[in-house]
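Notes follow the structure.
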Amino acid sequence: MSLNPEYLKEERNQMWRAELRSKTKNKERMLIQRVKMPELAPAVRVKHQDREVNMGLELNQALTEAARCMDCVNPTCIEGCPVSINIPKFIKYIEQGEILLAAATLKETNALPAVCGRVCPQEKQCESRCFYVEKTDKPAVAIGHLERFAADFERNSGSSNIPDTAKPNGIKVAAVGSGPASLSFAGDMVKYGYDVTVFEALHEIGGVLKYGIPEFRLPNSVVDFELENLRKMGVKFETNYIVGRTSSFDDLREEGYQGFFIASGAGLPRFMEIPGENYNGILSSNEYLTRVNLMGAAMDDKDTPVLKGKNVAVIGGGNTAMDSVRTALRLGAQRAMIIYRRSEAEMPARVEEVKHAKEEGVEFMTLCNPLEYFADEKGRVSGMRLNRMGLGEPDSSGRRRPMPIEGSEFELDVDLVVVAVGVSPNPLVPSCLPDLKVTKWGTIVVDEEKMQSSISEMFAGGDIVRGGATVILAMGDGRRAAENMDHYLKNKSNQ
Amino acid sequence: MNKIIEKTYFSDKVVQLVVENPMIAKSRKPGNFVILRIGEDGERFPLTISDADPVRGTITLVVQIMGVSSSKLVALEVGDSITDLVGPLGKPTHIENIGTVLAAGGGVGVAPLLPIVEAFKKAGNRVVTVIAARNKDLIILEDEIRKWSDEVIVMTDDGSHGRQGLVTVGMEEIIQREKVDECIVIGPAIMMKFASLLTKKYSIPTQASLNSIMVDGTGMCGACRVTVGGKTRFTCVDGPEFDAHQVDFDEMLMRLGGYKAEELRATEIYSQKL
Ligand SMILES: Cc1cc2nc3c(=O)[nH]c(=O)nc-3n(C[C@H](O)[C@H](O)[C@H](O)COP(=O)(O)OP(=O)(O)OC[C@H]3O[C@@H](n4cnc5c(N)ncnc54)[C@H](O)[C@@H]3O)c2cc1C
Ligand SMILES: Cc1cc2nc3c(=O)[nH]c(=O)nc-3n(C[C@H](O)[C@H](O)[C@H](O)COP(=O)(O)OP(=O)(O)OC[C@H]3O[C@@H](n4cnc5c(N)ncnc54)[C@H](O)[C@@H]3O)c2cc1C
Ligand code: SF4
Ligand code: FES
């Protein structure tokens with residue numbers, strides 16, 4: 001998805017933008033230091049599962065940071081954003097003090113800016129392509145912080161406007177799953193006038209945003225606000241509804257659904273299949289995070305239990321691993337460790353999560369790989385054996401392949417282990433649609449432009465297509481699927 | 001939706017509920033289960049669908065009071081609704097005409113056994129069923145089981161009903177008497193373990209329906225994992241029925257105890273609240 005350069009130029013040439021540029025010299029802009037996100041102190045935050053670590057920018061901080069942006073002729077940052085947000089435009093609106101207009105700009109292309117501002121790996125996306133990074137040795141404009149600021153400002157202002165929707169066309173479409181891909185799909189389809197229902201297997205809407213990403217990083221209230229907006233726009237939600245099980249695709253066709261968007265995510269947790277992995281106290285990050293985030297297991301009045309550990313090992317180096325290890329700390333772990341078989345440079349987690357985890361006292365045992373677990377007489381894990389790894393030649397992912405170092409084995413006392421070594425695509429939908437083309441990994445095959453699957457009225461996106469990606473990529477897929485399903489259904493009805 | 005329209009006590013601990021849910025009533029097959037949640041603070045827990053009436057749009061659940069969640073469910077009255085109910089989950093039982101089927105149910109396991117017995121009978125098999133419990137009060141659904149079985153043996157630990165002895169005694173008697181082509185066992189893990197050891201001795205293919213601890217029931221968390229034939233499988237999506245002779249029952253028993261301390265605490269707090 002890219003923005004038309006002509007349109008970008010036209011917008012950049014608007015009077016207010018030109019005036020704003022001339023008001024402050026570029027040299028002065030470049031002297032401003034990058035803003036620091038106000039954070040809850042590590043000693044305080046490790047005691048609270050439900051208090052957000054990043055507290056958000058103050059208005060004056062946001063105004064100053066916005067002034068760092070040079071409003072470049074050639075805004076390369078936009079190329080780094082998977083949904084091509086018009087970044088300079090929204091930032092200049094902030095500099096101008098028109099925060100609500102900044103928020104409206106974000107919403108032109110991003111259905112959930114308050115979410116993305118919090119969870120996007122900006123350092124790999126927009127901010128990695130910022131002028132400051134590409135042409136100077138200064139840090140990028142804090143695009144993510146500003147995005148969050150504008151979205152939060154709008155939400156807290158109470159004046160968030162519900163986008164206009166076209167006249168209802170009476171055509172029913174279904175979104176399967178309620179993660180970010182489906183939510184952005186639903187938002188766009190309802191704008192086009194469709195009768196949209198989102199079906200979710202769990203009892204809560206939001207997918208990973210609810211069951212996976214913890215409250216200290218993404219408060220549920222932020223997600224709920226966006227869901228409420230979608231409801232107001234007319235999107236219907238059905239929880240406790242597993243498409244393909246509760247009823248079949250044929251049942252839904254009979255009920256009049258003409259288009260389907262499959263965004264059932266990558267739900268299946270992987271284990272390492274090493275000895276002792278089924279002992280009690282060894283669980284997948286999905287189980288651990290679901291118990292705590294979706295079921296509220298850390299709270300006394302909730303029935304769902306969660307095992308607590310003194311010495312907790314989390315296996316993996318992604319966001320899921322960081323979320324799990326930081327959750328363990330908040331649930332009282334004395335020692336919380338990340339065990340990762342490559343080096344820190346290869347960790348897929350967001351840089352900010354790694355930084356936060358370190359500040360909170362997480363130990364990073366990189367270049368270590370688990371071999372086996374031990375348990376006490378009741379079957380509860382009590383220890384593990386690992387070996388150290390060295391880095392060999394680059395593998396297919398371009399990262400250097402970890403190789404075990406002979407004779408480097410050692411043991412560690414642990415009483416809780418969270419396995420966060422990845423997930424596989426949810427096999428449920430493909431298993432009930434024999435005609436649906438899938439790859440050997442179980443991801444759904446789609447036309448990359450249109451997001452259309454081998455069954456023409458079925459589109460797909462998010463992790464079920466990409467195997468495991470990001471919130472923003474999932475949302476981008478949802479938007480593209482909506483646009484193309486709209487064309488498809490209109491063409492069909494014209495024939 | 002999810003309204004309770006009938007409630008029958010089989011004993012003070014075992015209750016049958018008929019619940020309105022037309023979609024699940026229509027799509028469920030023998031062997032499927034549902035996941036329930038009672039109230040906003042409730043946990044998700046599984047129960048087998050023991051019967052369904054697609055015309056009335058109802059499913060039947062039989063629940064034994066164990067701890068907090070089952071107590072909360074049983075505390076609901078006719079007219080109340082279950083907060084969350086999702087299904088049908090799990091793979092349905094593989095039903096075919098194979099000859100003689102020996103079905104064995106222990107305790108509340110008789111409830112999930114019922115639709116399977118019915119289906120095997122309807123598929124043309126000879127069905128012999130052994131139902132067992134600790135005592136007379138805990139024997140459930142005897143009449144319904146009789147309706148779909150060619151023969152029924154009732155066993156109680158204390159001899160207060162039927163014959164005295166464990167389920168395996170009744171099973172072995174049948175096995176020694178006639179050729180059994182397939183066995184299906186549902187009940188407490190320990191009962192399934194010994195039933196499975198018995199049929200292994202006689203090389204009779206046996207299916208066991210496992211009652212692992214679950215959270216989502218959709219294959220997302222791995223809480224329900226069991227080792228079958230040396231491989232890790234998820235009970236909720238790969239099961240709940242597995243080749244009993246391949247199941248590592250000792251590991252399963254260990255995993256069932258994984259939250260014992262937490263469950264006991266929760267049950268104490270809950271009973272203090274009452
Ligand atoms: C712990 C964790 C932390 C993460 N952190 C980040 C981060 O910081 N930044 C980032 O960009 N990305 C992050 N990710 C990745 C990101 O969350 C995912 O890429 C994204 O959520 C994928 O969205 P999706 O819409 O494809 O599916 P999901 O969010 O996975 O949602 C799929 C939903 O579909 C439901 N479903 C499945 N089958 C059916 C069916 N048959 N019928 C009805 N419903 C069904 C599932 O229950 C689920 O709720 C993280 C992921 C995890 C697990
Ligand atoms: C696929 C499946 C189908 C099931 N069908 C039925 C059914 O039809 N009727 C029925 O009464 N029960 C059934 N169960 C068992 C039922 O889910 C549990 O008894 C219930 O979750 C206990 O919850 P609780 O909060 O009341 O008790 P808890 O406080 O959680 O547990 C109390 C006691 O029960 C034991 N326990 C906990 N979970 C289970 C479990 N999953 N299986 C056996 N013992 C357990 C604990 O070890 C503890 O001793 C099924 C389980 C599975 C996995
Ligand atoms: S959505 Fe993500 S990539 Fe795009 S501007 Fe916002 S933070 Fe950057
Ligand atoms: S219950 Fe979560 S994967 Fe089976």
Problem set entry | Separation between CZ of Arg245(A) and CZ of Arg28(B), rounded to the nearest 0.5 Å | 13.5 Å
Exercise. Between the side chain of Ser27(B) and the main-chain N/O of Thr246(A), is any donor-acceptor distance below 3.5 Å?
Worked result: yes
Exercise. Ser247(A) versus Lys26(B): any side-chain heavy-atom pair under 4.5 Å?
Worked result: no
Seminar exercise, completed: Taking every heavy atom of Val215(B) against every heavy atom of Thr290(A), the minimum-distance pair comes out as CG1-CG2, 4.1 Å
Seminar exercise, completed: Correct closest heavy-atom pair for Met295(A) and Arg37(B) would be CE-CD, 4.0 Å
Exercise. Taking everything shown except Lys7(B) itself, do over 12 heavy atoms lie less than 6.0 Å from its NZ?
Worked result: yes
Problem set entry | Structural part of Leu89(B) lying under 4.5 Å from a heavy atom of chain A | both
Exercise. Which heavy atom in Lys378(A) sits nearest to a heavy atom in Met254(B), and how many Å separate them?
Worked result: O-CG, 3.7 Å
Problem set entry | From Thr232(B) atom OG1 to Met272(A) atom CE, the distance as rounded to the nearest 0.5 Å | 13.0 Å
For this session: For each of Pro305(A), Gly267(A), Gly379(A), Pro269(A), tally heavy-atom pairs with chain B at distances under 4.5 Å, and name the one with the top tally.
Result: Pro269(A)
Exercise. Rounded to the nearest 0.5 Å, how far does CG of Asn240(A) lie from CE of Met1(B)?
Worked result: 8.0 Å
Problem set entry | Among Arg44(B), Glu40(B), Glu251(B), Lys231(B), residue most engaged with chain A (heavy-atom pairs, under 4.5 Å) | Arg44(B)
Problem set entry | Atom of Lys72(B), atom of Asp303(A) and distance for their closest heavy-atom approach | NZ-OD2, 2.7 Å
For this session: Applying side-chain contact (heavy atoms from CB on, under 4.5 Å), name anything that partners Thr58(B), two or more places apart in sequence or on another chain.
Result: Ile5(B), Val18(B), Asp53(B), Arg56(B)
Problem set entry | Pairwise distance OG1(Thr83(B)) to NE2(His203(A)) - rounded to 0.5 angstrom | 9.5 Å
Problem set entry | Whether over 12 other heavy atoms sit under 6.0 Å from Asp300(A) CG | no
For this session: Determine yes or no for a side-chain-to-main-chain donor-acceptor pair under 3.5 angstrom, with Arg255(B) supplying the side chain and Asn278(A) the backbone.
Result: yes
Seminar exercise, completed: Looking only at Val226(B), Asn32(B), Val68(B), Leu85(B), the option with the highest number of non-hydrogen pairs under 4.5 Å against chain A is Leu85(B)
Exercise. Would a distance-only check, ignoring hydrogens and angles, find a side-chain to backbone donor-acceptor pair under 3.5 Å from Asn286(A) to Gly222(B)?
Worked result: no
Problem set entry | Side chain / backbone / both / neither for Leu202(A) at chain B, heavy atoms under 4.5 Å | both
Problem set entry | Side chain, backbone, both or neither of Val306(A) within contact of chain B (heavy atoms, under 4.5 Å) | backbone
For this session: Name the member of Glu287(A), Glu277(A), Glu273(A) that forms the most heavy-atom pairs with chain B at distances under 4.5 Å.
Result: Glu287(A)
Problem set entry | Heavy-atom closest contact (Ser284(A) atom, Cys221(B) atom, distance) | OG-O, 2.5 Å
For this session: With a 4.5 angstrom heavy-atom cut-off, could you sort out which part of Phe271(A) is near chain B: side chain, backbone, both or neither?
Result: side chain
Exercise. Any chance NZ of Lys302(A) has more than 12 other-residue heavy atoms, nucleotides or ligands included, within less than 6.0 Å?
Worked result: yes
Exercise. Heavy-atom distance under 4.5 Å between the side chains of Val86(B) and Tyr241(A), does that happen here?
Worked result: no
For this session: Please list all pairs passing the salt bridge (charged side-chain N to carboxylate O under 4.0 Å, His left out) test where one or both residues lie in residues 207-224 of chain B, with sequence neighbours left out.
Result: none
Exercise. Rounded to the nearest 0.5 Å, how far apart are CG of Leu289(A) and CE of Met220(B)?
Worked result: 9.5 Å
Problem set entry | chain B contact via Tyr211(A) - which portion, at a heavy-atom distance below 4.5 Å | side chain
For this session: Tell me, for Arg380(A) versus chain B, whether the close heavy atoms (under 4.5 Å) come from the side chain, the backbone, both or neither.
Result: neither
Exercise. Considering only heavy atoms, which portion of Tyr270(B) lies under 4.5 Å from any heavy atom of chain A: side chain, backbone, both, or neither?
Worked result: neither
Problem set entry | Heavy-atom pair of closest approach, residues Ile213(B) and Arg291(A) | CG2-NH2, 4.1 Å
For this session: Please say whether more than 12 non-hydrogen atoms of neighbouring residues, nucleotides or ligands are located less than 6.0 Å from NZ in Lys172(A).
Result: yes
Exercise. Would one find more than 12 heavy atoms of other residues, nucleotides or ligands at under 6.0 Å from atom CZ of Arg253(A)?
Worked result: yes
